[in-house]
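Labels below follow one simple rule: chain letters A, B, ... track the order of the sequence lines, proteins then strands, and each chain is numbered from 1.
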Amino acid sequence: MAIDRETVRRIAFLSRLKIEDDKIEDTEDEFNKILNWVEQLSEVNTDGVEPLVSVNDTNLTLRQDEVTEGNQAEAVLKNAPQAQYGYFTVPKVVE
Amino acid sequence: MTKLTELTIAQAREALKKKEFSAVELTKAYIDEMDDKRKYNAYVLETPDVALAQAQKSDEKYANGTDGALEGIPLGIKDLYCTKDIRTTACSHILDGFEPQYESTVTAKLLNAGASFLGKLNMDEFAMGGSNETSYYGPVVNPWSKDVPLVAGGSSGGSAAAVAANMCAAATGTDTGGSIRQPSAFCGITGIKPTYGRCSRYGIIAFASSLDQAGPMCKDVRDCAIMLNVMSGYDAKDSTSAKVEVPNFEAFLNQDIKDLKIGIPAEYRPEGLNAEISALWDKGIEMLKARGAEIVNISLPHTKYALPTYYIIAPAEASSNLARYDGLRYGLRVNGEHLDNMYINSRTEGFGKEVKRRIMIGTYVLSAGYYDAYYLKAQKVRRLIRQDFLNAFEKCDIILTPTSPVTAFPIGDKSMQENPINMWLNDVFTVSVNLAGLPAMSLPIGLSHDGLPMGLQLIGKAFDEGTIFKTASALEQDAAFRKGMK
Amino acid sequence: MTGLIIEGKTASWEVICGLEIHCQIISKSKMFSGASTHYGSDANENVSFVDAGMPGMLPTLNEHCVYQAVKTGLGLNAKINKYSAFARKNYFYADLPQGYQISQFQYPIVGEGHVTVDLSDGSTKDIGIERLHIEQDAGKSIHDMAPDKSFIDLNRAGVGLMEIVTKPDFRSPEEAGAFLRKLRSIVRYLGTCDGNMDEGSMRCDVNVSVRKVGEEGYRTRCEMKNVNSVKFVMQAIENEAKRHVEVYENGGNIEQETRQFDPSTGLTKVMRKKEFAHDYRYFPEPDLLPLVLDDDYIAKVKADMVELPDAKRARFVKELGLTAYDASVICENKETADFFEKAAQGHDAKKVANWLMGDFFAMLNEKKVELKDSPVSAENLGKLVELITSNVINGKTAKDVFAIMAETGGDPEKIVEEKGLKQVTDMGAIEAIVDEVIASAPDNVAAYKAGKNNLLGWFVGQVMKKSQGKANPAIVNKMIAEKLN
């Protein structure tokens, strides 16, 4: 499944990463090299094999419905590159 | 007299109890060592004041007899662990200046046990790498380097180098595909990746959630046992942490290994395996045999598919785990006209090459139309890999393999820089263990012809670290690696 | 038959609609963290490090959110899945701190079910439920605080949501409206969601397509996100369906897209074309293990179920003799139904229902107070009705007494006692007044006897006046008629 330039651009955007135009080709080559390599998995017969999601043998443990955190806006905002009036601020969101 | 910084945790603790020296003196000795050895670039943040203040408290505790299991022991902490009010960056530009307002469960346990923190240790950016060369703060230099600077391994390269060069009594590491064991082997120290779920992941910056595990990197096997006992345990804040009893790991040391069944997987001796490493493995086998253990040939047939499986699953999870680094709430922000531009600018400048590569691969394998062919397929093969181990453990109690197919290589190695797959192939003996969620330890057994450490790996059944400690203590005594260093 | 058929130039078109409803779960803390769900706090006050997507933070699932989802599932007559699992839905947005939403994808906690809705023509219709899954809510972006910046508040980030997906079973706006009202009533009965669409605790996405009458299969649909009232949902369906018909009738094609409903015009406009559609890259959430429920657990939730509106309505008709209409009005809201039941306890239920839906609701409306703040308690309303049925007061007096109750919150028995409003039922006392009135108006007696029958009312009025309204008008009527004939 070789991928093309357009796919590289789309994947970059989905990842919110910029690839300079002169790097697209290299990226495409590298991508294809890696994908070719992982494609050796297609040799493995996985008919009837359940995908392994977690190595844990147990099921989820649930938490009691209690308020144990909060009232710490200052700590939450402490590392914010930009904040105002207790909010995080960002460049205007456009749809 | 032995230098204070050469003492193991067990030895230092003994001496501290006897008041042969104080915790402050021990800490100062390490701080001096750190000053002397800055050339290794093991620490990305030194916190001597924090360590000394903690040491002072430890001395009080020794005085009034309330000392904990690690009282006054100075540790280095991998920069992947969030430490409250102490800068934590995962060695990425994108987390510039980030000071967590919370403490990871594992570091909190270490602090509660009385340990002090000398600083944050260098690592591959977000733990993605096998040579510590992807760190935003530059590569770590292996203390075993002679003329040419060699890599310390990765991703926990700073941890391995710091322990090897006596810049801390022990260090924390994390292991997603070999990140504790491979650098341990490269730097001649002992490190264990416990069973998935043994240590809480709460507060450890996530790389690949279903594979990441915390573990100790130490001067010897006993120290690993001491550290792991403190670091382990169920944590309600991590839903994947296991409600399993934590045994006293030290109690397994020096136990008889007679009749223990040692599995030797044929697939770990591929054609063309480095002859010295192959010979080292044979040496290990002989040592165990000499102690009356039974050697059993086993097969892990899907071994060759472990790397491609890993390089689908780990990037997939990483692409999602690293989505939160968007320049909005913490870390680096590179502004843009609109929100999307800010995301793209911040992430493009904030992430290094290897991280971007893996984010993009991960995004691709999860994207519509490709999920089944890559991600789902990899999850199925992952089950087969795990099943291989379950089958093998029907025949044996523990598995012995080399840790890495190579020894430490020069920083900037061309073939690996040019083709990332060449770098990834170094993980060939370690990744299966993460995919199967099993515990495994690397310990140093001998030196190569050019004087570089080589390690062997012991793989145990899930939650049976005890058998690893038992076997490792035997191998450690017979190999006498640390004695040979002097 | 309540389906909407749109007549085009070339064909008759039927409307196909399905709904996706997000219901905020009522719980004290968030779905995956211990921060409060309280609405209206200062910005970022109810935020844990987990909600803020801080590095290394991990989700832990709130058991009450699971309980609420299972309860709602049972209320929707749906299959509870003993095995369910969480998945990550990946996309970037300012108010989505982790860069993904923890949701359920392949394995929802609740499977297929149905809700019966009542339609205006007296018929009922079963609407199929496709699934219900649980997920976390996003924070809020505020765009109008500054010209060049958006402000992010994460208080809502991580609050539990139930997403309920219906089958494409709606054939008219009316059916969709009836369903939404029914759903709101069910979740409110269960206490799993407060159902306030205007506050955003219940939000609706509407999928609409049309097809020629008799046509098989479905045509391309369009989705309208976050339509926030029942009325708007109905409007959006109607207008969007008409738009589709117009496009098809003019030889055009409908493209799959996300549209925005504009409440000021009632029309929809394009928000996002399919080619820009998100690629959410769902995959199993590795930070959470599968959620496994056992039969005992489900039985326990079942045991906690309250009587739902349909059952309650049927009971009110059968046991209390209410009309179907009265019963459904009273049962739409659990508080009203509970109030009614308390008021009707031991009294004439039909009369209580009349008073409740008449003077009582009018009084609440006029005073602009909620039922829970009503000055007239359920017990007192019941007592008032009892005073009427046992002939202690008559209907007219009752209205006066009710007016006093509405002002003072007083007990009607005491009011009647204190104000001396008891109806005179003593035959002797009434007869004395009747005789007095007859004796004082011989002309009218003569006129009546000559055939002027409508004078009977005049006599009754005189007697009532002399008794200051306390005489029982039925007795007075009967007695005068007897005496004069």
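- With respect to chain C, the highest number of heavy-atom pairs below 4.5 Å among A:L77, A:V76, A:N56 belongs to A:V76.
- Of all the heavy atoms in A:R10 and C:D279, the pair that sits closest is NH1-OD2, 3.5 Å.
- With a 4.5 Å cut-off on non-hydrogen atoms, A:V53 touches chain C through its side chain but not through its backbone.
- Looking at A:N59 and C:L289, their side chains never come closer than 4.5 Å, going by heavy atoms from C-beta outward.
- For A:Q64, the parts lying under 4.5 angstrom from a heavy atom of chain C are both the backbone and the side chain.
- Taking the six-membered ring where tryptophan is involved, the planes of A:Y87 and C:F151 are perpendicular, since the angle between them exceeds 60° and thus also 30°.
- Taking the side chain as every heavy atom from C-beta outward, C:N62 and A:R63 approach each other to under 4.5 Å.
- There is no contact between A:A83 and chain C, counting heavy-atom distances below 4.5 Å.
- Closest non-hydrogen pair, C:F92 versus A:L14, comes out as CE1-O, 3.4 Å.
- Both the backbone and the side chain of C:A35 come within contact range of chain A, each with at least one heavy atom under 4.5 Å from a heavy atom of that chain.
- Within residues 39-48 of chain C, the residues having any heavy atom less than 4.5 Å from a heavy atom of chain A are, in residue-number order, C:A43, C:N44, C:E45, C:V47, C:S48.
- With a 4.5 angstrom heavy-atom cutoff, C:M31 touches chain A only via backbone atoms.
- Between A:E69 and C:D51 there is no side-chain heavy-atom pair separated by less than 4.5 Å.
- Of the atoms belonging to A:Q84, heavy atoms from both backbone and side chain fall under 4.5 Å from chain C.
- Contact of C:Y91 with chain A is not made at all, since no heavy-atom distance falls under 4.5 Å.
- Taking 4.5 Å as the limit, every side-chain heavy atom of A:V67 sits out of range of all side-chain heavy atoms of C:H38.
- Contacts between A:T89 and chain C at a heavy-atom distance below 4.5 Å involve backbone atoms as well as side-chain atoms.
- Only the backbone of C:A146 comes within contact range of chain A, judged by heavy atoms closer than 4.5 Å.
- Between C:Y67 and A:D65 there is no side-chain heavy-atom pair separated by less than 4.5 Å.
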